[in-house]
Amino acid sequence: MFSSDDIIDKIFENVVKGPKLFKDKSVLFHDYIPPRLLFREEQISKLAHHLSSLMRRQRTSNLFIYGKPGTGKTAVTKYVISRLLDRAKGTNYIFNAIYVNCRLAGTEYRVIKLMADTIGLDLPFTGLSSEEALHRLIDKFRQQVNPILIVLDEVDALVARYGDNLLYALTRLNYDYHEIISMIIGISNDLRFKELLDPRVLSSLSEEEIVFKPYTAMELEQILWDRIELAFYPNVVEPAAVKLAAGISAAENGDARKALDLIRVAGEIAEMEGAGVVTVDHVRKARESIDRERVVEVIRTLPLHSKLIILSLYSILVNSPESRVRSSSLYNKYSTIVRHLGESPLSMRRFHGLVTELSMLGIFDRHISNLGRRGGRFSSIKFGLPISMVKKALEEDPIISDLLIQID
DNA sequence: TTTCCACCGGAAAATGAGGTCC
DNA sequence: GGACCTCATTTTCCGGTGGAAA
């Protein structure tokens with residue numbers, strides 16, 4: 001029987017004394033832009049062609065880029081812009097590029113603020129209306145000498161939540177002052193978001209489109225080998241392991257990021273085990289580990305009341321994980337637990353909202369049943385993942401783990 | 001065919017904590 | 001210092017849902 005200290009000592013020894021597999025792990029992370037982007041020559045040349053007009057200070061079409069996650073949209077856009085900016089240094093063809101990820105920015109105001117930050121305009125975090133912030137940004141735009149390129153990544157997230165007011169204002173500015181705002185690039189994972197756009201915005205933004213198709217398994221395999229050459233020492237990754245990682249990712253929308261994650265985590269597991277080679281088995285373990293870590297991470301970052309709802313379901317199902325619980329029973333249990341903590345439970349409506357969120361995250365599995373006039377319509381809930389995984393995630397919260405001890 | 005049950009969920013308003021502006 | 005702002009969270013209100021019973 002090994003103690004926890006023995007296990008840690010063994011992992012440490014493997015990492016320090018075991019064979020080194022990684023030459024440069026950073027090239028396997030999502031934000032790394034490689035020196036060449038395979039299978040995207042057509043998109044690179046189309047984008048570079050458009051941007052070259054901008055550098056000549058000619059009016060050029062706005063661009064709409066779409067494709068599934070992990071198909072290289074952001075990487076290609078950043079790659080082309082950075083290459084052209086490098087080339088333009090010291091010439092008269094310089095331009096300013098503003099890149100904002102709308103989903104990460106979160107709100108319309110923050111998108112405006114991030115654009116302002118890029119061109120040296122200081123806007124407060126809060127206190128101004130979005131309208132006022134936009135006015136100040138536009139004034140600053142007008143003072144710019146060089147043409148401006150605006151890239152709005154994951155623009156669908158902005159439009160779905162706040163409508164297309166900001167996009168309308170920017171396309172309007174692009175129309176009226178095209179010598180300043182020379183080009184807007186909208187990047188989206190979801191083509192359907194175009195239905196949400198005002199026809200004037202749509203016609204302006206979709207003047208030109210570039211489509212990124214998902215990578216095939218063969219393409220992903222070559223992409224992986226290209227990165228493995230930079231990331232690992234020679235001959236430490238088995239070809240079968242690469243084939244498996246590419247196959248798994250091709251089945252999941254041809255997502256290159258997933259493939260890179262699999263190979264990176266497989267390499268980390270191999271290093272921890274003190275293995276000299278990354279094998280198929282390490283890729284399988286990596287797949288499990290990524291799924292498990294994702295769940296633990298999601299639950300860890302949930303607000304307290306969401307965790308308390310999960311805990312309530314856990315306390316009911318701890319001895320019969322496959323049973324289902326009515327949402328009303330779950331609410332009663334949740335209320336009892338919250339009152340036990342000396343707090344007031346959330347309203348039923350809010351509770352329903354959180355249960356819906358947990359179902360969408362795959363933590364809960366909700367099923368609608370209908371027993372008719374006497375029984376009515378109701379949803380029954382169980383866990384969408386192994387109960388042991390849920391428990392592990394809950395144990396990371398100090399308040400919840402105390403309650404868990406009482407339940408167990 | 002209508003009624004009823006037990007929710008479900010959209011929309012709008014409220015709340016409170018952070019802030020700016022004049 | 002008061003008016004006004006953003007933003008995340010929550011509450012309140014209320015119409016919708018679908019299948020069995022009346």
Side-chain angles (χ1 to χ4, degrees), chain A residues 100-117 120-140 152 154-155 157-170 192-193 195-196 298-313 316 323-339 341-382 384 397 399-400:
Chain A
V100 179
N101 183 304
C102 301
R103 188 178 56 79
L104 294 181
T107 67
E108 187 179 64
Y109 184 87
R110 281 193 211 135
V111 171
I112 297 170
K113 172 154 173 59
L114 285 170
M115 286 197 279
D117 288 347
L121 169 65
D122 194 26
L123 289 178
F125 286 109
T126 177
L128 296 183
S129 66
S130 298
E131 214 167 313
E132 174 58 25
L134 185 60
H135 275 134
R136 292 185 191 188
L137 179 67
I138 289 171
D139 280 345
K140 186 74 178 177
L152 297 173
E154 301 200 58
V155 65
L158 175 74
V159 174
R161 224 172 135 191
Y162 294 92
D164 59 2
N165 291 342
L166 179 59
L167 273 182
Y168 179 71
L170 291 175
R192 288 169 306 170
F193 109 95
E195 295 164 12
L196 303 173
V298 167
I299 295 180
R300 198 178 62 79
T301 55
L302 286 172
L304 177 65
H305 283 268
S306 297
K307 287 182 189 169
L308 287 168
I309 294 172
I310 297 173
L311 177 76
S312 308
L313 187 63
I316 299 173
S323 309
R324 285 184 175 275
V325 179
R326 269 197 183 210
S327 60
S328 53
S329 310
L330 183 61
Y331 183 70
N332 290 339
K333 186 76 192 178
Y334 154 78
S335 301
T336 308
I337 289 177
V338 173
R339 289 202 187 94
L341 288 172
E343 302 257 341
S344 306
L346 297 173
S347 67
M348 179 78 104
R349 174 69 190 87
R350 183 65 190 135
F351 168 83
H352 280 307
L354 293 180
V355 168
T356 304
E357 267 176 36
L358 293 169
S359 306
M360 285 196 298
L361 288 168
I363 298 165
F364 282 2
D365 172 7
R366 195 165 53 160
H367 177 75
I368 306 285
S369 306
N370 199 326
L371 295 182
R373 192 169 174 170
R374 288 278 167 235
R377 197 165 182 252
F378 60 92
S379 57
S380 53
I381 302 159
K382 65 171 189 162
D397 185 295
I399 298 172
I400 305 287

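Every heavy atom of this structure was used, including side-chain atoms; hydrogens, water molecules and symmetry mates were not. Lettering of chains follows the sequences in order, A, B, ..., and the numbering in each one begins at 1.
Residues from residues 364-371 of chain A placing a heavy atom under 4.0 Å of any atom in DNA chain C, listed by number, are A:Asn370, A:Leu371. Non-hydrogen atoms lying under 4.0 Å from DNA chain C are contributed by A:Thr107, A:Tyr109, A:Arg110, all within residues 107-115 of chain A.
With sequence neighbours excluded, no residue satisfies ring-ring contact (aromatic ring centres under 6.0 Å, His included) with A:Tyr109. For A:Asp365, the side chain to side chain donor-acceptor pair (under 3.5 Å) partners are A:Arg324, not counting sequence neighbours. For A:Glu108, there are no salt bridge (charged side-chain N to carboxylate O under 4.0 Å, His left out) partners two or more places apart in sequence or in a different chain. Residues satisfying the side chain to side chain donor-acceptor pair (under 3.5 Å) criterion with A:Asp117, sequence neighbours excluded, are A:Lys113. For A:Lys333, there are no side chain to side chain donor-acceptor pair (under 3.5 Å) partners, not counting sequence neighbours. A search for salt bridge (charged side-chain N to carboxylate O under 4.0 Å, His left out) contacts involving A:Asp139 returns A:Arg142, not counting sequence neighbours.
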Identify the pairs formed between an N or O of the protein and an N or O of nucleotides 18-22 of chain B at a distance under 3.5 Å, and give each distance.
from	atom 1	to	atom 2	distance (Å)
B:dG18	N2	A:Thr126	OG1	2.6
B:dC21	OP1	A:Arg136	NH1	2.9
B:dC21	OP1	A:Arg136	NH2	3.0

Under 3.5 Å, N/O pairs linking protein and nucleotides 13-17 of chain B:
none

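Rounding to the nearest 0.5 angstrom, the gap separating the CG atom in A:Leu330 from the CZ atom in A:Arg366 is 11.0 Å. The CG atom of A:Leu158 sits 7.5 Å away from atom CG of A:Leu152, with the distance rounded to the nearest 0.5 Å. Put simply, OG on A:Ser327 and CG on A:Asn332 are 10.0 Å apart, with the number rounded to the nearest 0.5 Å.
Atom P of nucleotide B:dC7 and atom CZ of A:Arg324 are separated by 15 Å, given to the nearest angstrom. Rounded to whole Å, atom C1' of B:dC5 lies 9 Å from atom CZ of A:Arg326.
When DNA chain C is scanned 5' to 3' for any atom under 4.0 Å from a heavy atom of chain A, the first and last hits are C:dC5 to C:dA22.
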Donor-acceptor contacts under 3.5 Å from residues 341-351 of chain A side chains, at least two apart:
from	atom 1	to	atom 2	distance (Å)
A:Ser347	OG	A:Arg350	N	3.2

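For A:Lys307 (side chain) and A:Thr301 (main-chain N/O), no donor-acceptor pair under 3.5 Å exists by modelled atom type.
Atom CD of A:Glu131 sits in a sparse spot, with 12 or fewer heavy atoms from other residues, nucleotides or ligands closer than 6.0 Å.
Side-chain atoms of A:Arg349 come within donor-acceptor range of the base of B:dG10, with a qualifying N/O pair under 3.5 Å.
Residues A:Pro303 and A:His305 form no side-chain contact, since every pair of their non-hydrogen atoms from C-beta on lies 4.5 Å or further apart. No side-chain heavy atom of A:Ile310 sits less than 4.5 Å from a side-chain heavy atom of A:Ile400.
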Yes or no on side-chain contact (heavy atoms from CB on, under 4.5 Å) for A:Leu358 and A:Leu313, after CA distance, side-chain angles and deciding distance? CA-CA 12 Å; A:Leu358 293 169; A:Leu313 187 63; over 6 Å; no

